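Written below as structure tokens is the structure these notes are about.
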Amino acid sequence: MVTSEELDILKEHYSSFQNPVFYCSNQLEILWSNPAAGKIEQKYTKDISVIWEEFFFSLQQSDPTTTLSFHFICGDTCAWLRYIPVENGGFLEWLLEETDSNSLSRFHEFSMQSSDLFSDETRIYLTNIFNVLPFLYKEMEQQEQYESLDYLKQISQNAYHLLKMVNNSLAYRKLSPNSLRLTAVDITKELEQLFILVQANLLRSNKTFEYHLPDSPILMQTDVEKLHIALLNLISNGYLYGGSDNLVSVSVCTQKEDLIIRVTDHGEGISTEQFERVFTPYYSYNPNTGTHSGIGLGLPYTKKLAECLGGSCLLTSQPHQGTQVVLRLPIKNSVKDTVQFQSNRFEYSTGRFSPVSIYLSDICEIPIF
């Protein structure tokens, strides 16, 4: 048992720290804080409440009797948190930095300005490739050129990778609050339909995917198609960068007036060197290969969409334990809204050019026809 004298010694020790330190109960009720703690409320109020709530959630999923470290990035705030347990509570150290996520370099600005022209031109050539592939496949099959069919499949997969990059580039470039098409929906049904399709596609590639949805409807206004694109990017990233045997799961719940979507993988996590740059547009890094990978717009698109919807996107990662992305979206709804469920929204999902096929093409083999 920690005596009051020992607590006083610890408080005196932390009083001289330049970074904020809190002494909290097991429920994260603040019992004491050092002088530096007041600075975070003044400078980081915008993001601090989201990080605090997610830290409490992470603490509940961990062993509170051991020293724990967490990395969070939300909005323009990057936070490193260390929890040192004592009896019936613990000391929580914060290290906070502002990221430079809103100011793009000249290269990024040039990339965004030129992306529309590049993407439109690329789509023309990709259309020509996709149109001819089924005819070539049938002709080779008739001539029993089975070895050549494998090369044709490789061409098809690489064409899908390019199409995903093009679509992500256009989607990110055009995304703004004015581009949203808000409709009143039962988001539980919409996400269930999406996740069933994702699970079926991943099963074809021997990958395990889990999802957990509330039993009751959640009525809200949102842009379902853009939300689907964000989630497909996050799921794809989880398998791409988490390792081949990784398990990706999605859980959905409500908290107060918000919809909470957590996309979790159990891979190697994000290194400290790369952590601050995960939301930087056009930046990508594959920890499995040590090289750059993809176009680097999946996470930036997700963050931008969340902010356009009036919410937030938080990322936390621990070495060798995985990464979790948390979308917190306000449940905007009115009694005058007519709730829609567009059951045909993804009827074309098994088609060659559906969002599910395109955005999972990095981790699934898509049939040529």
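Every value quoted in this text rests on a predicted model; they were computed, and no experiment measured them.
Using a 4.5 Å heavy-atom threshold, the side chains of Leu314 and Val325 count as separate. Contact check for Phe22 versus Ser33: side-chain heavy atoms found under the 4.5 Å cut-off. Under the 4.5 Å side-chain criterion, counting only non-hydrogen atoms from C-beta, Leu231 is in contact with Leu327. Inter-residue side-chain proximity for Phe279 and Thr302 is flagged as unmet; no heavy-atom pair is nearer than 4.5 Å. Residues Tyr241 and Asp265 are not in side-chain contact: their nearest non-hydrogen atoms beyond the backbone lie 4.5 Å or more apart. Under the 4.5 Å side-chain criterion, counting only non-hydrogen atoms from C-beta, Thr183 is not in contact with Gln221. Residues Ser251 and Arg262 are in side-chain contact: their nearest non-hydrogen atoms beyond the backbone lie under 4.5 Å apart. Side-chain contact between Leu297 and Pro281 is present, with heavy atoms from C-beta onward closer than 4.5 Å.
Here the CD1-CG distance, from Ile363 to Asn246, works out to 10.0 Å after rounding to the nearest 0.5 Å. Rounded to the nearest 0.5 Å, atoms CG (Leu92) and CD1 (Ile84) are 9.0 Å apart. If you take CD1 on Ile358 and CG on Leu162, they are separated by 12.0 Å, rounding to the nearest 0.5 Å. The structure places OH of Tyr172 at 12.0 Å from CG of Leu305, a figure rounded to the nearest 0.5 Å. To the nearest 0.5 Å, the span separating CG on Leu240 from CG on Asp362 amounts to 5.0 Å. Between atom CZ of residue Phe91 and atom OH of residue Tyr23 there is a gap of 6.5 Å, rounded to the nearest 0.5 Å.
The side-chain hydrogen bond (donor to acceptor under 3.5 Å, both in side chains) check on Asn168 picks up Asn233, with sequence neighbours excluded. Glu139 pairs by the side-chain contact (heavy atoms from CB on, under 4.5 Å) definition with Gln143, not counting sequence neighbours. Here Glu365 pairs with Lys153, Gln157 under the side-chain contact (heavy atoms from CB on, under 4.5 Å) rule; sequence neighbours left out. By the side-chain hydrogen bond (donor to acceptor under 3.5 Å, both in side chains) test, Ser156 is found to be paired with no residue, residues two or more places apart in sequence or in another chain being considered. The side-chain contact (heavy atoms from CB on, under 4.5 Å) test applied to Glu29 returns Ser25, Leu31, not counting sequence neighbours. With sequence neighbours left out, Phe17 forms a ring pair (Phe, Tyr, Trp, His ring centres under 6.0 Å) with His13, Tyr14. With sequence neighbours left out, Arg82 forms a salt bridge (Lys or Arg N to Asp or Glu O under 4.0 Å) with Glu93. In terms of the side-chain hydrogen bond (donor to acceptor under 3.5 Å, both in side chains) criterion, Asn34 has no residue partners (sequence neighbours excluded). Ser317 meets the side-chain hydrogen bond (donor to acceptor under 3.5 Å, both in side chains) test with Thr323; sequence neighbours excluded. Annotation: salt bridge (Lys or Arg N to Asp or Glu O under 4.0 Å) contacts of Arg328 (sequence neighbours excluded): Glu53, Glu54, Asp258. In this view, Ser361 and Tyr160, His161, Lys164, Ile366 satisfy the side-chain contact (heavy atoms from CB on, under 4.5 Å) rule, not counting sequence neighbours.
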For His212 and Val250, what are the C-alpha separation, side-chain angles and deciding distance, and is it a side chain to side chain contact (heavy atoms under 4.5 Å, CB included)? CA-CA 6 Å; His212 308 278; Val250 182; over 6 Å; no
Begin with the C-alpha distance, continue with both residues' side-chain angles, and end with the deciding distance and a verdict on side chain to side chain contact (heavy atoms under 4.5 Å, CB included) for Leu202 and Cys364. CA-CA 6 Å; Leu202 291 173; Cys364 295; 3.5 Å; yes
So Gln324 and Thr316, side chain to side chain donor-acceptor pair (under 3.5 Å) or not? Walk me through it. CA-CA 5 Å; Gln324 183 176 85; Thr316 178; over 6 Å; no
Val248 vs Thr208, side chain to side chain contact (heavy atoms under 4.5 Å, CB included): CA-CA, chis, key distance, verdict: CA-CA 7 Å; Val248 176; Thr208 304; over 6 Å; no
When you look at Leu315 and Val326, which way does the side chain to side chain contact (heavy atoms under 4.5 Å, CB included) test go after all the steps? CA-CA 6 Å; Leu315 184 144; Val326 183; over 6 Å; no
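The two residues Pro214 and Ile218 come nearest to each other via the heavy atoms CG-CD1, 3.6 Å. The heavy-atom pair separating Gly90 from Tyr83 by the smallest distance is N-OH, 3.4 Å. The minimum heavy-atom distance linking Trp32 with Val21 is given by the pair CZ3-O, 4.2 Å. Across all non-hydrogen atoms, the minimal contact from His266 to Ser249 is CE1-OG, 4.4 Å. Residues Leu309 and Asp223 come closest through the heavy atom pair CD2-N, 4.3 Å. Across all non-hydrogen atoms, the minimal contact from Leu232 to Val198 is CD2-CG2, 3.6 Å.
Using the six-membered ring where Trp is involved, Tyr211 and Phe195 have ring planes that are tilted, between 30° and 60° apart.
Within the structure, the salt bridge (charged side-chain N to carboxylate O under 4.0 Å, His left out) test picks out no pair touching residues 208-222 (sequence neighbours left out).
Looking at Ser354, its side chain does come within 3.5 Å of a backbone N or O of Ser357 through a donor-acceptor pair.
Here Phe353 and Phe130 bring their ring centres to under 6.0 angstrom of each other.
In the hydrophobic cluster analysis, where Ile, Leu, Val, Met, Phe, Trp and Tyr join through side-chain heavy atoms closer than 4.5 angstrom, Ile196 is grouped together with Leu234. Placement of Leu133 and Tyr137 within a single hydrophobic cluster is found when ILVMFWY residues are connected by side-chain heavy-atom separations under 4.5 Å, directly or transitively.
No option in Leu219, Leu227, Val252 other than Leu227 meets the side-chain contact (heavy atoms from CB on, under 4.5 Å) test with Ile187.
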